[in-house]
Amino acid sequence: MHNLKVLRKNFEHFKKSIEKRTVDINFDDLLRLDKENREFIQKKESLENEKKIISKSKDKSLFEKSKKISTEIEEINIKQKKIKSELDVILSNIPNIPHEDVPNGKDENDNIEVSKSGNTPTFDFKPKSHYELGENLEMLDFDLATKTTGSRFVFVKNKLALLERALSNFMLDIHTLQNGYQEISPPLMALENTMFGTGQLPKFENDQFELKIDKGSGRKFLIPTAEVILTNMVKDKIVNQNDLPMRFVASTPCFRKEAGSYGKDTKGMIRQHQFYKVELVSIVEQDNCLDELERMTNCAIKILDLLKLPYRKIILCSGDMGFSAEKTYDLEVWLPSENRYREISSCSSCSTFQAVRMKARYKDRKNDTLYVGTLNGSGLAIGRTLIAILENYQQKDGSIIIPKALRPYMNDLEIISTK
RNA sequence: GGAGAGAUGGCUGAGCGGUUGAAAGCACCGGUCUUGAAAACCGGCAAAGGGGCAACUCUUUCCUGGGUUCGAAUCCCAGUCUCUCCGCCA
């Protein structure tokens with residue numbers, strides 16, 4: 001969320017920056033409501049001041065007047081609150097401003113490749129898709145999941161279940177032991193306000209699974225990514241500058257409705273309602289966001305390198321970035337069956353955008369209170385990594401060679417086959 | 001599920017109708033001392049919002065929402081959360 005006070009000062013610049021994103025915001029309403037809101041505040045404050053003076057004087061002859069002022073304040077208050085909530089609706093639906101590094105563009109076609117690694121594998125046979133491979137091995141069962149749960153779920157069985165678990169452990173070990181992240185095993189549910197903090201609400205409510213709980217203790221949602229719960233670890237806090245940067249990693253299931261993607265990736269486990277993901281989150285001093293983004297992206301890249309998976313790094317254009325991001329790198333892994341790269345990680349700096357929503361701050365050396373910077377990135381999406389291994393390491397007979405780095409996590413198993 | 005206790009600044013913790021935005025301690029920042037550091041001593045230090053170029057000033061905030069009162073951190077009601085004990089349970 002943007003700080004209104006800052007926004008007011010550089011309004012034209014703000015307006016121009018935000019137009020790089022394909023969103024439609026009523027700036028006139030925003031300005032008008034802001035003005036009205038402040039007028040009401042001024043009226044209210046001068047009356048409150050008057051009342052306070054009477055109360056302090058303890059002059060009984062003025063008590064009646066004070067009562068009258070109270071009712072007047074109440075009337076203004078109601079109006080002001082209404083204006084303020086209208087203002088908040090507009091404000092909370094405005095996305096972050098793209099950083100100046102970010103290329104201008106409309107959609108994914110305008111993203112720019114930054115680098116490419118390794119060679120894509122060549123096969124002397126026609127490579128199969130991950131779901132063919134998995135079903136032939138009898139280790140991915142989509143039909144069973146449809147029967148028990150519905151579409152976009154899967155049963156992962158046998159050695160592939162082991163592979164899934166191994167990937168999670170492997171990635172966590174790299175990030176905790178080599179990359180300096182603290183491992184967290186967080187709740188998989190979040191309150192409405194927590195979801196607001198990272199920007200999933202109010203705008204993207206349709207993508208979230210809401211839980212039906214009869215108690216009146218606030219709405220609860222399944223997390224669509226561990227970013228939500230890890231980033232909110234500093235919600236409503238003023239942390240010490242010495243405690244920054246904070247780096248957290250968690251491997252969790254993620255739950256998404258995928259509401260806008262009917263008919264997209266319906267086959268296989270590319271796009272599921274539930275999937276595992278290892279998530280990296282950094283809380284940093286606000287000026288260190290972009291450095292941290294490079295660092296974080298490299299941490300994710302390290303996993304791909306160790307697994308020897310071919311990938312490329314792209315920078316997202318302004319129109320393709322997520323709501324809270326100021327700058328995003330996607331890592332895309334090569335999928336032989338599709339003959340193209342597919343997203344396996346997305347690393348974003350959110351500048352102070354989420355921090356303002358969460359009220360997450362720190363004291364700097366001058367004792368000023370500043371908003372923290374927040375970053376999140378996948379390191380990596382487990383499901384898609386599993387897919388990438390199946391497809392890139394497949395053999396002619398349908399067996400899968402296990403990448404060397406993973407074997408210690410799989411009881412030294414070297415190959416997955418039906419035998 | 002039953003029975004109690006509590007929620008105050010970055011943290012610990014006093015206050016229980018009127019200079020209390022809030023004692024004290026810790027942490028943090030500045031200074032004296034020291035070759036440097038520590039210790040000791042002195043000083044500073046809540047947040048949000050409004051007005052002002054600024055110095056500054058005003059308002060709100062002691063879990064949340066209502067209520068009583070000229071006046072509420074303090075009294076009343078409702079809710080949320082936390083802790084302790086009992087029961088149940090992975």
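Naming convention: chains lettered A, B, ... in sequence-line order (proteins, then strands); numbering from 1 in each chain.
Between Phe153(A) and His273(A), the ring planes are tilted. Angles from 30° to 60° get that label.
With sequence neighbours excluded, no residue satisfies ring-ring contact (aromatic ring centres under 6.0 Å, His included) with His99(A). With sequence neighbours excluded, the residues that form a side chain to side chain contact (heavy atoms under 4.5 Å, CB included) with Lys359(A) are Asp236(A), Arg361(A). Residues that satisfy the side-chain hydrogen bond (donor to acceptor under 3.5 Å, both in side chains) test with Thr252(A), not counting sequence neighbours, are absent from this structure.
Rounded to a whole angstrom, the distance from the C1' atom of rU8(B) to that of rA22(B) is 8 Å. One C1' atom belongs to rG79(B), the other to rC41(B), and the distance between them is 50 Å to the nearest Å. The gap from the C1' atom of rG6(B) to that of rU74(B) amounts to 16 Å, rounded to the nearest Å.
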Please enumerate all protein N or O atoms sitting under 3.5 Å from an N or O of nucleotides 17-22 of chain B, with distances to 0.1 Å.
unit_1, atom_1, unit_2, atom_2, d
rG18(B), N2, Ser55(A), O, 3.1

Requested in this report: Report, as a single string ordered 5' to 3', how protein heavy atoms within less than 4.0 Å touch nucleotides 45-53 of chain B: B base, S sugar-phosphate only, - not at all.
Outcome: -SSSBBS--

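Taken together, the paired segments of RNA chain B that extend over three or more consecutive Watson-Crick or G-U pairs, each closer than 3.5 Å at both contacts, are B:1-7 with B:80-86, B:10-12 with B:24-26, B:28-32 with B:40-44, B:46-51 with B:56-61, B:63-67 with B:75-79.
Phosphate proximity of rG71(B) to Lys51(A): present, with a side-chain N or O under 4.0 Å from OP1 or OP2.
In this structure, Phe63(A) CZ and Ser55(A) OG are separated by 7.5 Å, a value rounded to the nearest 0.5 Å.
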**Report entry** Stepwise side-chain hydrogen bond (donor to acceptor under 3.5 Å, both in side chains) check, Asp173(A) with Tyr409(A)
**Finding:** CA-CA 10 Å; Asp173(A) 274 357; Tyr409(A) 294 87; 2.7 Å; yes

